[in-house]
Structures are given as structure tokens and as C-alpha cells.
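For reference, the structure is listed below as C-alpha cells.
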Amino acid sequence: MPGEQPRPGRRVVKLNTNENPYPPSPRVLEALAGALNASLRLYPDPDAHGLRTRAAAVYGVPADHILAGNGSDECLALLVRAIVDAGDRVAFPVPTYSFYETLVAAQAGTAVRVPWPGDFALPSELAAARARLTFLCNPNSPSGTLVPNAVIEDLARRLEGVLVVDEAYVDFARESALPLVARHPNVVVLRTFSKSFSLAGLRIGLAFGHPELLAGLRTVKDSYNLDRLALAAAEAALEDLDHMRANVARVRVTRTRLARALTDLGFAVLPSEANFVLARRAGTDLGPLARALSSRDVLVRHFPTPELRDGLRITVGTDEEIDILLAALREL
Ligand SMILES: Cc1ncc(COP(=O)(O)O)c(C=O)c1O
């Protein structure tokens, strides 16, 4: 989902769309340079065999349980298009990633919004929502909180429909639900290269799920959904996990420092397992503060909804960027 874009020609501290502040692996840049040749006249592999084979080795999931998407947003869109007919119920805890709502509306589905409690523990009403499709963003955006695997597995057992665990931010968290895919044919786990792998600009996502379920997604997928450059980059990124993990480790250290500093500034900060934090001042509309930061070229995310208007979602940037943000907050 698009956020406020920086003005050209100005140094902007961009902490509003959860991009990685560190560059992708040099191996990715080499692979991209190597792919810039006459073979660009050829269509890309519609089934992303090379990428799926590499992902199978990295994640310990058979290649026939993997589908590559043009960003995990495309995987989400394919799921909704393949599974949801007009009037079908689609459940998700709210607040969460707003694109679920957009997709369900486009398909004329019925959104069943189950409010998260204050501590963001999984609401039991989710299992009872009788939905054809259930989304769980884990870690959740914008809260950054994580539902433990044991709780997700219990939900998967109780649901009749498909459970999609959107793990866009999971590399920054302590555990992943990926092992559930082998045990539960109704579970799909989504990953993206946009966050931990620093490749938001190339649009690469993966869906892990039962081959029959993925076959349904292929029927509604554009043939050539990932271009040759994205495929080359994704394979190379999976060959240099150390680079990604080092960047993740740096982000986590800065996340701890940011959360402490925001707490000292009087914000309530939920424990985050993602590359952003939600900082709140209960009962205060933080829209004016977000706009004041923006006028100083510091972009953070404010959601003008009743349940979120007292919060700012702040991406964990470099230490220097976080220092600029904190200095601006101290002045405002
Ligand atoms: C929870 C969540 N899921 C999916 C996405 C989309 O990621 P991608 O860039 O892979 O389309 C985002 C992007 O911000 C996100 O926050």
C-alpha cells in the first residue's frame, strides 16, 4: 500500500512504509548486472522454477508447495480472487494490514472484522467467524505484535476455511508458522523480499501452501508475473542469507533503542517483533505531530481511524535516521 512519498531533491528520513534502511546483498546487485543482457528479449519463467527450487532448499519445503508472486501483495490478491466469491466471509483481526479490506471489497466478499484486544492476543471470535478465508498478519501491522505458533496451529485446526498467515515481517521476529504448512493443508504462509531482504523495489513474494490450493491460485495468475530481473535477484538474495540476517540484527538493535527512547518521551510502545514500532499517546490525535514531522522531512505513518489516531507507526531506520527523528520529537 502506498505511503507519503519524499519530495524530490530533499534529504528525507522515510520511516513510513517499513522499507529496510540497508542495501540488498552485493550478490543481488551482481546477479542483476549479470541478467542485463540480450536474454531480456525472452519471457521470464512463468513458474519461477529456479527461485522455487532455491526457496525449497532454504526453507525446507517441497518446491511444489511454493508459488512466486509479484510481491506478497500479488499472492494476497490471488488468494482472494481464487477463493472468495461474492458474499463469502473473509475474517481478520483489526487493526491490521489495510490491503485485506481492499481486496475483499474488490471481490464483493463480506469482511468480518474481529477487534484485537488491547494486548493483541489472538481473539477467540476469529475461529468462530465461519469464514472461507481468514487473514492473520503475523507479526501484525501496525502493532508489531506476534501471535505464537501454538495459538496459530490451534486456530488452523478449528477453522473450516483457509488460514493465510502473512509473514511479511517474520524475519524480524522470533518464530515463523512455516512448519504448519506441512501439517495443515488449509494453511498458507506468505513471505516477501521487500522487508528483510531490502528488495521492495523489485516486487517479489512467496506463498507456501498445499499444492492443490496453489493450483487454484495459478488459475487466476498472470503467466509472466515476475520479470527476469526480479527472479535473478530473488535467487541471489536466497544465496546470501548472511547479508539479510546481518541487516535484520542491526534493525533489531535499533528497534530496542527506538522503543526505549520513545517510552522516555512519554509514548506507550507495544513490544515489536517487526521492523517498526507503534508509539501511542492514549486519547491524543497524533495526526498534527505526524504532519509537523513531515514538514521537517521526517515521514512516519499516521492512520486517521478512531482506533489508531492516537498512534504513529515508525519504521526502524538507520541509527542516524532514528537520531534525527528523536531530535525532532524532542523539539516538537
Ligand atoms: C503485512 C504486509 N503484507 C504484505 C505487504 C506487501 O508486501 P510486498 O511488498 O511483498 O507486496 C506489506 C507491505 O507493507 C505488509 O505490510
Side-chain angles (χ1 to χ4, degrees), residues 1-5 14-21 24 28 48 51 55 66-81 90 92-104 106 116 120 133-147 152 163-173 176-178 188-209 217 221-222 225-227 229-231 233-234 237-238 244 251 255 270 272-278 299-303 308 311-317:
M1 298 289 289
E4 190 180 353
Q5 291 296 311
K14 190 172 182 306
L15 306 175
N16 61 341
T17 50
N18 301 339
E19 287 128 336
N20 196 309
V28 168
L51 171 57
I66 305 174
L67 178 139
N70 193 281
S72 54
D73 274 351
E74 189 197 21
C75 299
L76 287 164
L78 295 177
L79 281 157
V80 175
R81 290 224 297 275
V90 181
F92 42 90
V94 290
T96 192
Y97 185 41
S98 56
F99 193 43
Y100 308 150
E101 189 85 48
T102 309
L103 289 171
V104 175
W116 287 106
F120 285 83
L133 190 60
T134 301
F135 287 120
L136 179 65
C137 183
N138 204 47
N140 186 50
S141 177
S143 59
T145 47
L146 188 81
V147 173
I152 300 176
L163 172 62
V164 177
V165 188
D166 180 349
E167 293 197 334
Y169 300 101
V170 85
D171 287 325
F172 302 96
S176 158
L178 205 47
V188 176
V189 170
L190 300 184
R191 294 288 188 90
T192 178
F193 286 64
S194 299
K195 312 295 178 180
S196 56
F197 287 103
S198 311
L199 288 173
L202 282 180
R203 318 303 305 124
I204 309 146
L206 294 174
F208 297 85
L217 304 198
K221 175 178 101 53
D222 286 347
N225 60 330
L226 279 167
D227 66 51
L229 298 179
L231 290 172
L238 290 179
M244 178 275 277
V251 166
R255 178 176 77 193
L270 284 164
S272 170
E273 301 252 358
N275 67 338
F276 55 84
V277 299
L278 183 66
L299 307 185
V300 298
R301 190 75 191 265
H302 179 255
F303 303 89
L308 285 173
L312 296 178
R313 194 193 66 188
I314 304 172
T315 305
V316 180

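In what follows, residues are counted from 1 in the order of the sequence shown. Whatever order the structure lists them in is the order used to number ligands and atoms, beginning at 1.
At under 3.5 Å, not a single nitrogen or oxygen of Y100, backbone or side chain, sits near a nitrogen or oxygen of ligand 1. Distances between N or O atoms of T192 and those of ligand 1 include at least one value under 3.5 Å. The shortest N or O to N or O distance between R203 and ligand 1 is below 3.5 Å.
The side chain of D166, and not its backbone, has at least one atom closer than 4.0 Å to an atom of ligand 1 (non-hydrogen atoms only; side chain from C-beta on). At a 4.0 Å heavy-atom cut-off, ligand 1 does not touch F193 at all. Residue contacts with ligand 1 for E74 are absent, since no atom lies close enough (heavy atoms, distance under 4.0 Å). At a 4.0 Å heavy-atom cut-off, ligand 1 touches A168 through the side chain alone.
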Side chain to side chain donor-acceptor pair (under 3.5 Å), that's the test. Do N140 and T145 meet it? Break it down for me. CA-CA 5 Å; N140 186 50; T145 47; 4.8 Å; no
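For ligand 1, the atoms closer than 4.0 angstrom to any heavy atom of S72 are 4 (C), 5 (C), 6 (C), 7 (O), 8 (P), 10 (O), 11 (O). Set against the non-hydrogen atoms of G71, the atoms of ligand 1 under 4.0 Å away are 10 (O), 11 (O). Residue contact check: S194 has heavy atoms under 4.0 Å from atoms 8 (P), 9 (O), 10 (O) of ligand 1. Within ligand 1, the atoms closer than 4.0 Å to a non-hydrogen atom of K195 are 13 (C), 14 (O), numbered from 1 in the order shown. Within ligand 1, the atoms closer than 4.0 Å to a non-hydrogen atom of C137 are 1 (C), numbered from 1 in the order shown.
The side-chain heavy atoms of F99 and L76, taken from C-beta on, include a pair separated by under 4.5 Å.
Using a 30° and 60° split on the angle between ring planes, F135 and Y100 fall in the parallel class, below 30°.
A donor-acceptor pair shorter than 3.5 Å can be found between the side chains of R191 and S176. Residues E74 and N225 bring a donor and an acceptor atom of their side chains to less than 3.5 Å of each other. Y169 and N275 share no side-chain donor-acceptor pair at under 3.5 Å. With no hydrogens or angles considered, a side-chain donor-acceptor pair links S141 and R313 at under 3.5 Å.
The one candidate from T102, D73, D166 that meets the side chain to side chain donor-acceptor pair (under 3.5 Å) condition with Y97 is D73.
Under the 3.5 Å distance criterion, the side-chain polar atoms of T315 are matched with a main-chain donor or acceptor of L15.
Using 4.0 Å as the threshold, Y169 has a heavy atom nearer than that to some atom of ligand 1.
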